[in-house]
Amino acid sequence: MRKDSVVVMVLILGLLASIGTAAPKPIRIGLQGPITGPWAYEGEMAVNSVQIVADQINEAGGVLGRPIEIVIGDDQGSPRQGALVAQRMVSEGVVAVISSYGSSVTEPSAAIYEEAELLNIAYGATAERLTERGLKFFFRTCFRDDRQGQFFASLVDHVLKVKRVAIIHDNTTFAKGLAEAAKRFLEESPTAELVFYDAITPGEKDFSPILTRMRTTAPEVIYFTGYYPEAGLILYQARNLGIDALFVGGNAAINDEFVNIAGLDVAQGSIVTQEPLPTDLPYPEARDFLTEYIERHGEAPSTPWPVYAADALKVIAAAIQATGSTDSRVLGDYLREGLQDLPGITGPISFDPSGDRAGAIYRAYVVDDLGQLVPY
Amino acid sequence: MEQPLLQVIGVRKAFGGLLAVNDVDFWVPEGQIASLIGPNGAGKTTVFNLITGIESPDAGKIMFAGRDITGCPPHVITRAGIARTFQTLRLFPNLTCLENVMAGQHVRTKAGLFSSVLRTSRQQEEERRIYEAARRCLDKVGLWHLRAELAKNLSYGDQRLLEIARALATEPSLLILDEPASGLNNVETARLMDLIRQIRDEGITILLIEHDMDVVMGISEWITVLDNGRKIGQGTPEDIQENEEVIVAYLGKEEEDFSWNSCN
Amino acid sequence: MLELFLEQLVNGLTVGSVYSLVALGYTMVYGVMRLINFAHGELFMLGSYLGFTLLVSTSIGKLGVVWGLVVVVLMAAGAMAVLGILIERAAYAPLRRSGRLAPVVSALGVSIFLQNAAMLIWGSRYRAYPVWAALDRRWQIGGVHITLMQGIILGVSIILMLLLYCMIQRTTLGAAIRATAIDQETARLMGIDVNAIIRFIFIIGPALGAVAGVMVGLYYRQLHFTMGWTYSLKAFTAAIMGGIGNIPGAMVGGMLLGILEMLGAGYISAAWKDVFVFIILIALLILRPTGLLGERVAEKV
Amino acid sequence: MEMVSEAKELPRRRLIYGVLYLLLLIFPFKAGPYWTDVATFFGIYVLLGLSLNIIVGEVGLFNMGHAAFYALGAYTTGILNTVWGIPTIWLLPVSGLVAGGFGYILTRPIIHLRGDYLLIVTIGLNEILRITLINDPWGLTGGPNGVLGIKRMRLGSLVINRPIHFYFLVLIVTTLVVVVLLRLQRSRIGRAWNYIREDEVAAEAMGIDVRSMKLLAFVLGAALAGIAGSIYATKMMIISPESFTFWESIVLFTIVILGGMGSIPGVIVGSAVMMVLPELLRDFMQYRMLFFGAAMVVMMVFRPQGLWPSKRWQLEMGRETEE
C-alpha cells in the first residue's frame with residue numbers, strides 16, 4: 001500500500017516538475033546536404049555554419065521564444081538519396097528545410113517539398129531553371145549561374161578588353177549551365193567574339209587533342225567553367241602546347257589544388273569569377289560569423305557555399321519571427337513580399353517573386369605569386 | 001535397295017587453303033544403320049558439321065527426305081528431322097537429366113512467351129507431352145532412375161546414353177552418332193550396339209561415325225569411306241572389306257592412326 | 001594542317017602507349033585465366049601514388065632525373081608485383097573453378113577495396129607530382145610541339161612491349177605461357193606448372209601497370225584515387241579492340257584507342273569523343289567478332 | 001511435375017512465402033513514409049535486378065550496360081510526358097515497349113558476340129546513351145540537367161504521389177514480374193534459355209534458335225528495365241543522366257551474381273546486400289566502402305554460387321562437398 005502511494009506521489013511530482021520547467025518546444029528546421037560522399041567537405045562546412053547561426057539565435061532567446069533545433073539529413077550528393085531525405089524531412093515535421101548543395105540533388109528534393117508544401121531554401125544550387133518552374137516553396141540564398149556568366153562577359157568587355165574568347169565546360173549540370181550563360185551574354189557583346197566552344201569529359205587526363213584544336217582559333221582568353229582537377233590539367237597542357245591565352249575559371253575551377261596541379265609558375269595570373277569568399281565579405285555580420293567559425297573550427301570556410309546555408313537559416317528565423325507563424329505558406333508569402341534587405345552574412349537579402357535572391361555580387365580574383373587568391 | 005533418306009551431292013568445303021571435303025557424294029538408305037568411316041583427318045567431322053548445319057558447304061547440295069537443306073541453320077535442320085550427338089560430350093552439365101532430355105522436345109513444341117506466361121491449357125498440355133516424351137526416351141536408354149540427377153554427375157557411359165536420349169527426344173528420322181563408343185568399356189559398348197539396333201528397329205535411320213571397327217562392322221548395313229576429303233568407297237560391309245582402294249588407304253596409314261583389329 | 005595532324009598523332013600515341021601498357025596486364029590475365037580483371041587499373045593507380053610518395057618523401061629524387069626515375073619505377077613496379085600476387089591468392093585463386101562471373105564480381109570488390117584504401121592512405125584530395133624542370137623541356141619540330149615526357153613515355157612503352165613480345169615468342173617461359181593460354185589442362189599434363197605461370201602473369205601485368213602509373217604521374221602530374229577506374233575501362237576497351245588474350249593485340253589496341261580518341265576530340269568534338277570511340281569499337285566487333293588481331297578460335301564441335 | 005522431395009516441401013514453403021508476403025502488405029502502414037520510400041527504391045532495384053537476371057542469369061549473356069535500358073524507360077516517360085503531356089500512367093507500358101524496342105534494335109547486330117566482347121559492347125552502349133543524353137542532340141533530353149517537371153501518375157481520381165502509393169505500385173509490378181518469371185522458368189522458353197547458358201552449340205543442335213532466344217531475353221529484360229525506369233521517373237519527377245551511369249550497371253550486374261545467377265530470391269537478397277550493406281557499414285565512416293569491397297570478395301570466395309543460388313546450383317554444390 002505505502003509503496004504504491006509513494007510511487008504515485010513520485011510520478012505526480014515528476015509530472016508537475018516536468019510541466020513547470022518544461023522548455024518551450026523547439027522549432028525544428030531541416031538541413032539537407034552532402035554529409036558523406038564526394039562533397040562531404042561542403043556538407044561538413046554547411047553543418048558547422050548553420051550550427052553557429054542556430055546557437056547565436058538560441059543564445060539571444062530563440063525565435064518566438066522557442067529555441068531552434070537543426071535536423072540534419074545526408075543526401076550524399078545523390079539525387080535519389082536527396083529524394084529520400086526530403087521525404088524524411090516531410091515526415092519528421094520540420095517547419096522549413098535548408099536544401100541543398102548541387103542543383104541536380106536540390107531539384108528532386110524541391111519537387112517533394114513543393115508537393116508537401118514545405119518551405120525550402122537552397123544554398124548551393126545555382127542552375128537557372130530551378131526558379132523558372134513557378135515553385136511556390138523554393139527559394140535560394142545563392143545566386144544563379146547566368147549572373148556569373150553575365151559577370152564574365154562584362155569582365156571580358158570592360159576589364160580584360162579582349163576579343164577572342166574560348167569557352168570549355170565539362171558537361172556537368174553546373175558547368176554547362178554556366179558555360180551556356182556566358183556564351184549567351186558574349187553573343188550580345190559588341191566587341192568580343194566566341195571562337196571556340198566544346199566540352200571535355202571529367203576524370204580524364206589528356207586534353208591535348210581539344211586544346212590543339214582550340215589553338216587554331218587563337219583565343220586570347222580561355223574560360224573553363226568546370227572543376228579544379230581538370231582546370232589545372234587544361235592550363236598546364238595548354239601551356240605545354242604553346243598556348244599563352246589568359247586562363248579564367250568559373251567558381252569551381254580555381255583553388256589551392258588547382259595551383260598545385262598546374263604548378264605555381266603556370267597557375268600564377270589565372271583569374272576566377274566567383275562569389276566573394278567569406279573572408280572578403282565586407283559586412284559586420286560576416287566578420288562576426290568568421291571570427292566565431294575560426295574560433296570553433298580553426299580556419300575559415302574554404303568555399304563560398306556554407307555561408308549561404310547560414311544565411312538561409314537567418315532568413316527562415318526572420319520570417320518566423322516577423323509573421324509569428326511556422327506555416328510554410330505564410331512564410332513563403334512573407335519572403336516574397338515582406339522581406340526587404342535582411343542583413344545577412346553575404347549582404348542584404350531580398351527575394352524576387354520567383355524565389356531568386358535579388359541582386360548579385362561577383363568578384364574576379366587572381367592567383368598571385370604565392371598561389372593565393374587576391375581580388376583582381 | 002531402300003530409298004536414300006540423306007543424300008550428299010558433290011559437297012566441297014575448304015578452310016583457308018586446306019580442302020577438307022572435296023566433291024563428296026554419298027547417301028544413307030532409309031531405315032538402316034549406316035557408317036561413315038575413314039582415317040583421322042579424312043574429313044568425317046567436317047561432313048558431319050555440313051550435314052547438321054554448323055558449317056555451310058562451299059559447293060554442292062545436301063538433300064534430306066527429298067528436301068534441300070544445304071546451308072540451313074542447325075535448328076532448322078533439327079526440326080527437319082536430323083538429330084545428333086557429339087564426339088566430345090556436350091550435355092547441359094548443370095541441368096538435371098530430365099531437363100537435358102526435355103531439350104530435345106523443343107523443336108516439336110510451339111508454346112511462346114505469352115502462352116507460357118498465361119499458362120494456357122494448350123501450353124499445359126504441351127508441357128505434359130514434353131514430359132512424357134522425355135520420360136520415354138530416358139526409359140529407352142535406361143536412365144529414368146537418374147532423372148533428377150545433374151548431367152555432370154553421371155558416369156561417362158551414362159552421359160553418352162543421356163546424349164542419345166536427348167537426341168531421340170527430337171523425334172528424328174535420322175540420328176547421327178559421332179563416335180558413340182569412344183571411351184566405353186566392352187560391356188557398355190555391347191549395350192550401346194543393342195540400343196542402336198533397337199532404335200533402328202523403331203524406324204529411325206542411323207548414321208554413325210566410329211573408330212571402333214568392331215562396332216562399325218558389327219552393326220553397319222551400309223558404309224561410306226572417306227580419305228583425304230574424298231569418298232573412296234561405299235557399300236555393304238562385305239563390299240567395303242573387299243574394296244581395293246579402301247584397303248590401300250588404310251594399310252598406307254600408320255598403325256596408331258587406324259587398324260582393323262587393334263581395338264580388341 | 002599536316003603539322004596539326006602530326007601533333008595530334010603524337011598526342012594520341014602518347015596516351016595510346018599508356019593504354020597499351022595497362023591493357024597488357026588485362027590481356028595476359030585474360031589469356032591465361034579467362035578473367036576480366038577489373039582491379040588491374042587500381043594497381044596502375046597505386047603504382048602512380050607509390051611513385052609520388054617515393055619522390056616526395058624520400059631522397060631518391062636526389063639521385064638525379066635518370067637514376068632517380070629508374071629507382072622509383074623499379075620500386076613501384078616491384079611493390080605492385082607483390083600486391084598483384086597477393087590479390088591473385090586472396091581473391092581469384094579460390095574462384096578458379098567457379099564459373100566466369102563470380103571472379104568478375106570478386107575483381108570489382110578488389111577494385112572498390114583498393115580505391116578506398118588509396119583514399120584512406122593519400123586522402124581524397126588531388127595530389128600533384130613534384131615539378132621536375134628537366135622533364136618540362138619541350139621542342140617545336142617543324143611546327144609540332146613535343147615534350148620530353150612524351151618522348152620518354154613513347155620510348156619506354158615501346159621498349160617494354162618489345163621486350164615482352166620477345167620474351168613471349170622466343171623463350172621457354174614464353175612458350176609455357178602461350179601453351180597455358182591455349183589449354184590449361186593440356187599444359188598441366190605436359191608438365192607446365194600452371195600456378196607458377198599464373199603467378200608470373202600477376203607479376204608482369206601489375207609491374208607494367210606501375211611503370212605506366214609513374215609515367216602518367218610525371219606527365220600529367222595530377223593524381224586521384226579514382227583515376228585507376230578510368231584507365232581500367234580504357235585499357236579493357238583497348239584489349240578488346242586488339243582481340244583480348246592476344247599480346248600484340250593489346251599493344252595495337254592501345255595505340256589505336258589513343259589515336260581514335262585524338263581523332264574524335266581533335267576533329268569532331270571532345271564531348272562526343274567517347275561515343276565516336278565506342279561506335280568504332282562496336283562496328284569493328286560486328287565485322288571482326290574477336291577483335292583486330294584476335295585469332296579465330298573455331299569452337300571445337 | 002514429379003520432383004518427390006519438392007512435392008513434400010511445397011506446402012511448407014508456400015506458407016512461409018505467404019506469411020512473408022503478408023508482411024510486405026502490412027509493412028508501409030507500420031513503417032512510416034521514410035522507410036516506405038526506402039522500400040520503394042529497394043523494390044525498383046529488385047525489379048531491375050530481375051530484368052537483368054533474365055539476360056545474365058537465365059541465358060548467361062554478359063550485359064554490363066543494363067542501366068541504358070533503365071534510362072531509356074525513364075527518359076521515354078520524362079520526354080513524352082513533359083513535351084506532349086501524355087499521362088504518365090499510359091507511359092508505364094509505353095516505356096517498357098520503347099525500351100524493349102530499343103533493346104531489339106541495339107542488340108540485334110551484336111547478339112552473336114561471345115562473352116567478353118558482348119560485355120564491352122554493352123558497356124559501350126551504356127556510355128553512348130549516357131553521353132548522348134548529356135549532349136542533348138535535339139534539345140529533347142535536357143542535357144546534364146535532365147528532364148524535369150514529370151507529372152505523377154493518375155489512376156482515376158487517385159494521384160500516385162504518396163510514398164505508400166509508390167510502394168504498392170512497385171509491389172504490384174514486382175509481384176507480376178515475379179509470377180511471369182516463375183512461369184517462364186518452368187516453360188519451354190525458360191528451359192531453352194538455360195540450355196543456351198549451359199552449352200550454346202548443343203542448344204543449337206537441339207533445334208533451339210539461339211539467336212532469337214537471346215534476342216527475346218534481351219528484349220524482355222530491356223522492357224522490364226524500361227518499366228522500372230518509368231516508375232523511377234514519376235517517383236523522382238526529374239531524371240538526369242547521372243542516375244544511369246556505368247556504375248549503376250555494375251551495381252545491377254553485381255546484384256545478379258552476388259544473389260545467385262538465375263535465382264529470383266537471389267536477386268532480392270543481392271539487392272538487399274548492395275543497398276543495405278553500405279548503410280549498415282555507415283558507422284565505419286570513411287572505412288565504409290573499404291569494408292564493402294572486401295565483403296564483395298569474401299562473399300564471392302565463400303559463396304561463388306551466390307548467396308541464394310537457384311535450386312539446381314544448391315543441389316550441385318551439396319554433391320560436391322559430399323564427394
Side-chain angles (χ1 to χ4, degrees), chain A residues 36-41 166 168-172 175-176 179 196-217 226-243 255-267 302 371, chain C residues 1 3-12 14-16 18-19 124-133 136-138 140 143-150 216-217 219-224 226-227 229-231 233-234 258-274:
Chain A
T36 61
W39 310 112
Y41 63 96
I168 302 175
H169 62 93
D170 69 1
N171 253 334
T172 56
K176 193 174 182 187
F196 183 83
Y197 185 87
D198 200 352
I200 53 124
T201 310
E204 292 209 335
K205 288 190 183 299
D206 201 308
F207 307 110
S208 8
I210 176 176
L211 293 174
T212 309
R213 182 156 53 92
M214 185 190 74
R215 196 180 58 198
T216 59
T217 64
Y227 295 81
Y228 62 89
E230 287 80 24
L233 285 174
I234 286 178
L235 176 57
Y236 177 67
Q237 289 171 19
R239 295 290 183 259
N240 268 343
L241 290 167
I243 301 167
N255 58 10
D256 47 345
E257 297 198 31
F258 160 82
V259 176
N260 224 346
I261 293 162
L264 180 56
D265 48 335
V266 172
S302 61
Chain C
M1 236 24 238
E3 288 109 51
L4 197 66
F5 179 78
L6 286 177
E7 192 167 334
Q8 296 280 34
L9 198 65
V10 172
N11 293 335
T14 313
V15 191
V18 172
Y19 293 159
S124 60
R125 295 162 70 93
Y126 284 77
R127 293 303 188 103
Y129 260 61
V131 180
W132 220 328
D136 263 351
R137 202 172 302 164
R138 54 173 180 264
Q140 201 170 348
V144 179
H145 296 255
I146 294 177
T147 66
L148 176 61
M149 205 49 222
Q150 282 183 320
V216 160
Y219 184 41
Y220 300 114
R221 311 242 315 278
Q222 175 227 55
L223 288 176
H224 196 242
T226 54
M227 72 191 219
W229 186 246
T230 313
Y231 277 84
L233 193 57
K234 304 262 185 201
I259 292 170
L260 282 177
E261 286 194 341
M262 170 280 283
L263 286 174
Y267 291 92
I268 301 173
S269 154
W272 289 98
K273 179 195 67 177
D274 285 348

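Residue numbering restarts at 1 for every chain, and letters A, B, ... go by the order of the sequence lines.
Both the backbone and the side chain of A/S208 come within contact range of chain C, judged by heavy atoms closer than 4.5 Å. With a threshold of 4.5 angstrom between heavy atoms, A/F207 does not approach chain C through any atom at all. Contacts between A/A40 and chain C at a heavy-atom distance below 4.5 Å are absent for every atom of the residue. If you measure heavy-atom distances from C/E7 to chain A, the contacts under 4.5 Å come from the side chain alone. In this structure, the portions of A/N240 lying under 4.5 Å from any heavy atom of chain C include both its backbone and its side chain. With a 4.5 angstrom heavy-atom cutoff, C/V18 does not touch chain A via any of its atoms. Of the atoms belonging to A/L233, it is side-chain heavy atoms, and not backbone ones, that fall under 4.5 Å from chain C.
Looking only at atom types and distance, the side chain of C/E261 has no donor-acceptor partner in the side chain of C/N11 under 3.5 Å away.
By the side chain to side chain contact (heavy atoms under 4.5 Å, CB included) test, C/L233 is found to be paired with D/I123, D/F246, residues two or more places apart in sequence or in another chain being considered.
Of the listed residues (A/P229, A/G263, A/G203), the one with the most heavy-atom contacts under 4.5 Å to chain C is A/P229. The choice from A/L241, A/T216, A/L264, A/I200 that makes the most heavy-atom pairs within less than 4.5 Å of chain C is A/L241. For the set C/W229, C/Y129, C/Y231, the count of heavy-atom pairs under 4.5 angstrom toward chain A peaks at C/Y231. For chain C, the option among A/R215, A/K205, A/Q237 with the highest count of heavy-atom pairs below 4.5 Å is A/K205.
Counting only heavy atoms from C-beta outward, the side chains of C/L9 and C/V144 never approach each other to under 4.5 Å. Between A/F196 and A/I168, some side-chain heavy-atom pair lies under the 4.5 Å cut-off. Between A/N171 and A/T201 the shortest side-chain heavy-atom distance does not fall below 4.5 Å. Put simply, the side chain of C/Q222 does not reach to within 4.5 Å of the side chain of A/Y236, judged on heavy atoms.
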Which atom pairs, donor and acceptor, lie under 3.5 Å between side-chain atoms of residues 262-274 of chain C and protein residues at least two apart or in another chain?
unit_1	atom_1	unit_2	atom_2	d
C/S269	OG	A/D198	OD1	3.1
C/S269	OG	C/A271	N	3.1
C/K273	NZ	A/E204	OE1	2.3
C/K273	NZ	A/E204	OE2	3.0

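Using the six-membered ring where Trp is involved, C/H224 and C/Y126 have ring planes that are parallel, under 30° apart on the 30 and 60° scheme.
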